[in-house]
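Heads up: the structure comes next, in structure tokens.
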Amino acid sequence: MRTRLSDDELAVRDAFQSFFQNECSPAVVRAAAEDTGFDPHLWEALAAMGAPGMALAESVGGAEATLSDLAVVAEVAGAHLAPVPLIEHAVAARAIHRAGGHDDLVGELAAGTKLATLALRPPIDQTARLVPAGAVADVVVVPTVDGLMVSEGTPSKLRIPNTADLPLADRDVSNAAPLSGGTTNREQALDEWRALTAVAYVGLARQAIEIGVNYAKERTQFDVLIGTFQALQHGYADAATQVEGGRLLAYRAVWALETGQPDGSRLAGMALLFAAQAARFATDRSLQYHGGYGFSEEYDIQLFHRHATAWTLQLGEPALEYARLADAEFGARTVSADQGGAA
Amino acid sequence: MDFSFPPQAETFRSEVQAFLAEHLNEDMIRATHDGTIHAPALHAAMADRGWLSGPVPAELGGGGRSALESVVLNEEMQLARAPIDAMAVTIVVAAILLEHANDTVKETVVPRLLDGTALGCFGYTEPESGSDVAAAATKAVRDGDEWVINGAKMWTTMAHIADYVILLTRTDPEVPKHKGLTFFLVPLDTPGIEIRPVPTMATERSNATFYDDVRLSDQWRIGEVNGGWAVMKTALKYERGIAGGQFPSPPVIDAAVDWARTHVRPDGTHPIDDPAVRERLMRALIDVEVCRGFAYHCADLANEGAMFGVEGSMTKLFASESYKRHCRDFHDLMGAEGLLTHEAVDAHLGGRIEENLRHSPVTAIYGGTSEINRNLVAEVHLGLPRIR
Amino acid sequence: MAEDQPVESPEEFRTRVAAWYAANATPRQETDPWAVNLQTDPAEAAKHFETSRQWQAKLADAGLMGLAWPAEYGGGGGPGWMTRIEREISRDYEEYTGFAGATTAMLGPALLRHASEEQKQTFLPALLSARLTFCQLFSEPGAGSDLASLGTRAVRDGDEFVLNGQKVWNSAAQFCDWAFVLVRTDPDAPKHRGITFLLLDMKSPGVEVRPLVQINRATHFNEVFLTDVRVPVANVIGEINEGWSVARTVLANEAAFIGGGPKAPASDNLRSLARESGADKHPVLRQSLADLITRERVVGWMGEQIQAAIRRGEMPPMDPGLIKLMTADIRARSGTLAMELRGAAGLAGDEPETFWAQSELVGRFAISIGGGTNEVLRNNLGERALGLPREPGFSKDQPWKDIPR
Ligand SMILES: Cc1cc2nc3c(=O)[nH]c(=O)nc-3n(C[C@H](O)[C@H](O)[C@H](O)COP(=O)(O)OP(=O)(O)OC[C@H]3O[C@@H](n4cnc5c(N)ncnc54)[C@H](O)[C@@H]3O)c2cc1C
Ligand SMILES: Cc1cc2nc3c(=O)[nH]c(=O)nc-3n(C[C@H](O)[C@H](O)[C@H](O)COP(=O)(O)OP(=O)(O)OC[C@H]3O[C@@H](n4cnc5c(N)ncnc54)[C@H](O)[C@@H]3O)c2cc1C
């Protein structure tokens, strides 16, 4: 049992922490938002650090890092709202690699010279709708009823306008070819996405709290620092408690997937829902406790608020995610849809 | 991170499960309805196994169980609905004595606590001091080799069945409040002590205890004169982290699932097929996993010898606040049937959800209220400025 | 005119006003329910401001503004129910009085209560007819929740005050003709007692307005810099150094107005979204929706009671801050629900539903922060409505200039 990062994980964290601090300031996030929502220079710099392939096998040019190591990077990337689809890329590349038979492609993905992503929902009429990084990815891994398929194509570089200025786009996947591995591979990929996104949410939420707490230690009203008001203290304490609880759950989900625990999938779904909720609460509190400045475009907290809402919605209605977990927990429902709901 | 348990803790978990299967029965669980959350037979069986001194380091004469094993014990007992209050309090009192008492007390009292023949209880809270526990006013005045104690304590739970109370007193009113406190271990049959029952909204009972010229030899002093705050810290260390209730919800959720599967609604469906019910149950199960993460985290920190505090605050805050929510949600789920108490013959699962509903509010009050824990998280974890 | 002797029965009044609206306004069904009142393009915003101002002028011409205000200042002098009925009818139409209407509701009662007879004669008719529009210059970079600590100085020079300082978050300041402004006139007095309330012509030399961009990219609020701006002493509302009580009247009416809620309840749109996605069959979302509708109704009824009391010139039966708090809470819920109902489609795209959902999500902060934050309103409720003691550490009696800053 080690509920803290190991020395190796801390080393990874520190390296990426200083990387993102230098390379991914809020100004960089804002600049990307004005464009496609993706920052190619940041991606190249990450590739130079070996990040895109870090959790792939050495045989294909990866660094053979663990999913936990990847999670550590995802947390830091989340804290900086990094405008790069690191999680989707890594999860897609791992899924293609697990399927076997695409070594050249996986090699390019490991090097980061090609960009992959994961569509989170099955395509309808050959179109995958609102694909994360769909505006910029060269390779799209698509979930279907039977498993996964992979589609290569030229990205449009046009994103659909959206809440968090993410590089979302629809993708024509009519040329998609099946990947072996069936539904097991598909579930593994989606669960990895859930767990890593949960960790990224934790990074985001911790940062949002830190920004707000720092502000509360500088801003004076009624002749005292606003941080002395219990209204703020208790709001932040609740937020921090949820976020730290979410962090332990998210890393436990990552660990469970990595070590093949039977409840890995369950924990991954739970972690995503909980961490997303915690992030929403934390950004809501932090924005509110900025007063008028929170509502202005100039202060960074609004960026965190918008991202907190966005990431999970890429997967669809949260209600469906609860329903999915409930089916696994209690068995499928035994009444027909007209008797009680569309979920 | 690594969330696997060491093999020893896994073995211990199986041992505890087997123990509970053998020793815990419905009568013991129901016995708590008399207001005293204590099952003597279970307590004795645990003492037999040496589990009452578990968390205290072996060098201090304890069972030397790792914090992970302690959390496993606690987890399994709560999942099984074993009455743990008297046990938990006794474990903490024993732990305090092993760290701070003189040899006489260690040799005469501690063995009796650990073999289950004697029980301890806490005497911190007073009518005028609760959250601000360091404001205790119960006076202890030195008189030769003796101390004379006068005052009143409130919420001295278990005092009516306990043999000893660990009593927080004021020995120096002239210094700042944290610096004039001294602890005593007081045998409850000492002349001058009166115990009056305090009924609660739940099934449990507590007590008000009164101390009128209670004379005590200096050998019952625990820790230094005016060094009471250091003892208090030890108490909190064991109480918040290790003996704390991180798993109050699972029995309630089990009952709700059972209800949802078996109850038939007027339209012929079972609640378990209602997406709204399923979502509520899932949310509660997620909260339980969060509590689990917190519990293991505290244990891991304790294992490393880290003095944790704020993590314990977060754990208790989250566990008790979510438990209250679960009780309300699932009480609602049952509709009118949810109103039946354990005294009603056909109450679902002996009125388990109803009983928990009435019990749940106190978990956010005793052992440090939710507000106090939020203050601690704000100040210690987030570094926000102190209010005063 | 006394309430018990209306010249017109409520039914007659309703028929008359409904006929006027039918002839002059656009029914709401014909307009887009997803339209968002949010202009990211400054030219659009200016146009929108002007359109609503003209609508108010038209209403005033028809005798439908200030129905219950005293007739001598341009009002209708009618009973309070007229305003309620007019409001009900207006809900079914697209046009509305916008920012000008909001200031009328905020500033009007304050002028009625605190202004001199001459000031009332001059400004009230102009306010009602929107011939003049007013923005609020209260907040400063260092004085938001703690408004009374404001530092914009006004030094007397004969018949004029000379103003220097900076204001911030001033809604629509770039469009308004005039402003009502709080200034410090006595730095030696405790902070609440050295403030004066002035009306200021925004075209005065030395007034500079710089737009700020909001989280939703609208340029609705501004910074306003005041450099040696000269304002006649005749423009003081109430007494010099007693502007705080005038400001409190404005703030109470602001809270009541914001709490008065938008014309169309969010639940109408949420219902359509739910129907469209099939979520109206999903029990969890149905419950959230029902919960929201309940809250909307409750706050609506509370708001009516408060408005009725204000119209009658009575003390409101409850603190108007309560309405604003509940409205902020409803908006937070409806924003979250809107995004959940839209799912991934709420994230992205050009559909008006998406844009509406997104603006609903952040729009609530305008209410939970603007015009007094939720936290400050709760403090006020605790102290005023419940009689709880103040939080420690407030220096009420220290001279303003001695408070460390
Ligand atoms: C059933 C039961 C069993 C108990 N058993 C024991 C026992 O065995 N031994 C023992 O010693 N005690 C026991 N207690 C006492 C318990 O620890 C206290 O009730 C608790 O510490 C709160 O103190 P109080 O009741 O005096 O409330 P107060 O301290 O008066 O608090 C009242 C309210 O004010 C809030 N508050 C207080 N200070 C602050 C602050 N700084 N900031 C924000 N909010 C604040 C509190 O959170 C609470 O909501 C028991 C209590 C109960 C109900
Ligand atoms: C959309 C919008 C429009 C606005 N329009 C105008 C306008 O037209 N004219 C104008 O003058 N102003 C306007 N404002 C400004 C508004 O009134 C202020 O933003 C508001 O009063 C809060 O002040 P602040 O921004 O300085 O926040 P601060 O006062 O710095 O507050 C920061 C945080 O601390 C909390 N806080 C402060 N004091 C306490 C306390 N005692 N107890 C507990 N918590 C506390 C607040 O609740 C908040 O969460 C507008 C604001 C917005 C968002």
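All chains are named by letter (A, B, ...) in the order of the sequence lines, taking the proteins before the strands, and each is independently numbered beginning at 1.
- With 3.5 Å as the limit, one finds a donor-acceptor pair spanning the side chains of B:Y323 and B:N356.
- Remark: A:E329 CD is packed, more than 12 non-hydrogen atoms of other residues, nucleotides or ligands lying under 6.0 Å away.
- Both cation-pi conditions hold for B:R65 and B:F12: the charged atom is under 6.0 angstrom from the six-membered ring centre and inside a 45 degree cone around its axis.
- Side-chain contact, A:Y201 with A:Q277: no donor N or O sits under 3.5 Å from an acceptor N or O.
- In terms of non-hydrogen atom pairs under 4.5 Å with chain B, the most contact-rich of A:M270, A:H234, A:Q242 is A:H234.
- Ranked by heavy-atom pairs under 4.5 Å with chain B, the list A:D238, A:L249, A:L225 is led by A:D238.
- In terms of non-hydrogen atom pairs under 4.5 Å with chain B, the most contact-rich of A:Y236, A:Y251, A:Y322 is A:Y322.
- In this structure, A:F274 and B:F318 have perpendicular ring planes: the angle between them is above 60°, well past the 30° mark.
- Note that B:R13 lies in the cation-pi zone of B:F5, set by a 6.0 Å cut-off to the ring centre and a 45° limit from the axis.
- Heavy atoms closer than 4.5 Å to chain B are found in both the backbone and the side chain of A:E244.
- Interface summary for chain A: among B:V257, B:L384, B:L317, the most heavy-atom pairs under 4.5 angstrom belong to B:L384.
- The side-chain tip of A:R13 does not point at the ring of A:F16 from less than 6.0 angstrom away and within 45° of straight on.
- Contact of B:N375 with chain A is made through backbone and side chain together, with heavy-atom distances under 4.5 Å.
- Heavy-atom pairs under 4.5 Å with chain B peak, among A:A71, A:A240, A:A216, at A:A240.
- Between chain A and the residues B:L281, B:I272, B:V290, B:D287, the largest count of heavy-atom pairs under 4.5 Å involves B:V290.
- Checked for salt-bridge contact, B:E75 and B:R292 meet the test: a charged N lies under 4.0 Å from a carboxylate O.
- The contact between B:H297 and chain A is made by backbone and side chain atoms together, counting heavy-atom distances below 4.5 Å.
- Among the candidates A:L273, A:T66, A:D327, the residue making the largest number of heavy-atom pairs closer than 4.5 Å to chain B is A:D327.
- Looking only at heavy-atom pairs under 4.5 Å with chain B, the residue among A:A332, A:G227, A:G269, A:S68 that has the most is A:G227.
- Among the candidates B:P385, B:G268, B:A378, the residue making the largest number of heavy-atom pairs closer than 4.5 Å to chain A is B:P385.
- Only the side chain of B:L68 comes within contact range of chain A, with at least one heavy atom under 4.5 Å from a heavy atom of that chain.
- The parts of B:I286 that come within reach of chain A are both its backbone and its side chain, each placing non-hydrogen atoms under 4.5 angstrom from that chain.
- Between B:E321 and B:R325 no salt bridge is recorded (no basic side-chain N to carboxylate O distance below 4.0 Å).
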